[in-house]
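First listed ligand is number 1; within each ligand, the first listed atom is number 1.
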Amino acid sequence: MTSIRVTVNGRPVEAEVSPRQHLADFLREQLFLTGTHIGCEHGICGACTVEIDGEISRSCITYAVTCDGASIRTIEGFDEDPLMGKLRDAFTRNHALQCGYCTPGMLVAARDLVRRKADLSREDIRTEMSGNLCRCTGYVGIVNAIEQVMQETAQEARAPSARAWLGPAPGPSRQVAEVAPAAPVQARKPVATAPAQTKRTSRSPITVTVGAIEEVDGATRLMQTFTLPHPREAVWALMSDPVAVATCIPGLSLEPQRPDGTFPGRMEIALGPVKASFSGLGTVEAHPAEYRQVIEGRGGDKRSGSQASGKADYRLLADGADATRVEVALSYVLAGPLAQIGRAAIVRDLVRRVGEAFAQTVDARLAGEEAAPSQSFGAFTLLLQLVLDRIRALFAGSNAKRG
Ligand code: FES
Ligand code: FES
């Protein structure tokens with residue numbers, strides 16, 4: 001095995017790889033970035049296309065060891081990229097995907113093309129994209145989508161504001177968002193990462209630590225901890241209210257408590273082509289003397305036929321007079337088609353992201369700021385990861401009844 005250090009989607013990663021392991025396997029199997037697909041493993045189909053140091057490459061014919069020191073960007077790293085957002089929208093509008101297997105590689109290649117070239121004919125677009133094969137949709141929608149985005153970006157470049165740009169190329173209208181640097185992660189190990197920057201509050205980021213995942217009696221369990229810069233009483237006043245808790249979780253909505261003590265709830269999930277709406281009921285068991293609350297619930301998504309049940313058991317520990325450490329024990333069971341997203345690294349990342357959104361929102365509200373959790377983490381990338389997040393939140397939130 002050989003040690004490598006790479007930056008993947010803005011995060012430093014240290015890992016051990018075997019000499020003949022290709023990059024696609026490394027990304028998928030060690031980092032669980034399964035948006036990079038593998039089709040031919042011969043460098044022909046383009047399904048495995050990623051960016052390496054800013055240039056697109058076939059990850060199936062690139063050894064991971066040769067990437068030591070490189071910066072790699074997979075489809076998951078383009079979530080907040082404006083140009084990729086336009087391409088995703090255009091692909092959707094033009095029905096440019098069917099099974100979606102070729103789509104991650106197709107999008108990465110298309111973005112590279114639109115970024116480099118403008119005003120290509122349809123024939124030229126076909127030629128430029130000939131290294132990416134689609135086996136089921138056909139290419140008309142794909143070419144239409146790329147052509148539209150190319151025209152759109154060309155018009156923006158010709159706009160007066162763009163022509164007036166006197167700074168360095170490519171100028172503001174062609175700039176694309178880069179992935180923000182994040183704290184190091186270790187492949188296959190529990191992570192403690194810096195939270196994503198929130199756009200909705202001026203508060204400092206809150207670090208959320210997510211522990212290792214365990215499987216116990218068929219349920220997936222993990223711990224999440226973070227510290228809020230507020231006294232325990234103030235935190236408890238908010239976190240003992242299940243409806244208030246729900247409003248701090250992205251995608252979750254709770255209805256008022258029923259006479260029987262249950263809370264009907266709904267969790268909306270939207271990741272690119274994957275959409276789900278989990279409806280369910282939950283209960284809440286409060287232990288005020290221990291500053292502890294247990295929220296349990298279960299629900300289902302009619303469209304996919306998936307079922308979910310889960311529990312969030314959280315307690316607040318005073319960390320001095322002005323801070324509170326929040327410990328959350330999460331457990332859940334997923335069944336049905338969406339159960340495939342329950343892989344360890346995906347779940348951890350999801351839980352971390354939801355935890356960050358939740359902690360930031362709670363912090364802002366306790367500081368007297370107006371804050372609402374983001375309703376979208378981005379579409380295509382952390383797709384699965386995000387999905388799970390929301391699902392987990394669903395379980396937790398879509399339920400609650402005071403005991
Ligand atoms: Fe890499 Fe086909 S899987 S090009
Ligand atoms: Fe199925 Fe392209 S959409 S392979």
> With a cut-off of 2.8 Å, which protein N/O/S atoms are close to atom 1 (Fe) of ligand 2, if we only count those under it?
Replying inline: C99 SG, C136 SG
> Of all heavy-atom pairs between A359 and L228, which one has the smallest distance, and what is that distance?
Replying inline: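 Here A359 and L228 meet closest at O-CD2, 3.6 Å.
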> Between N132 (side chain) and G105 (backbone), is there a donor-acceptor pair under 3.5 Å?
Replying inline: yes
>> So does T74 get a backbone contact from the side chain of N9, meaning a donor-acceptor N/O pair under 3.5 Å?
In response: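 It does hold such a pair.
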Taking the cut-offs as 6.0 angstrom to the six-membered ring centre and 45 degrees off its axis, would you call [X] and [Y] a cation-pi pair?
X: R292; Y: Y314; answer: no
X: R266; Y: F278; answer: no
X: R20; Y: Y63; answer: no

>> Among R122, R126, K117, which residue satisfies the salt bridge (charged side-chain N to carboxylate O under 4.0 Å, His left out) criterion with E147?
In response: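 Only one option passes, and that is R122.
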> So, do R365 and L238 sit near enough that their side-chain heavy atoms are less than 4.5 Å apart?
Replying inline: yes
>> side-chain hydrogen bond (donor to acceptor under 3.5 Å, both in side chains), that's the test. Do S3 and E16 meet it? Break it down for me.
In response: CA-CA 4 Å; S3 295; E16 299 284 319; 2.4 Å; yes
>> Listing by chain and number, which protein N, O or S atoms are under 2.8 Å from atom 1 (Fe) of ligand 1?
In response: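 Counting only protein N, O or S atoms under 2.8 Å from atom 1 (Fe) of ligand 1, the list reads C48 SG, C60 SG.
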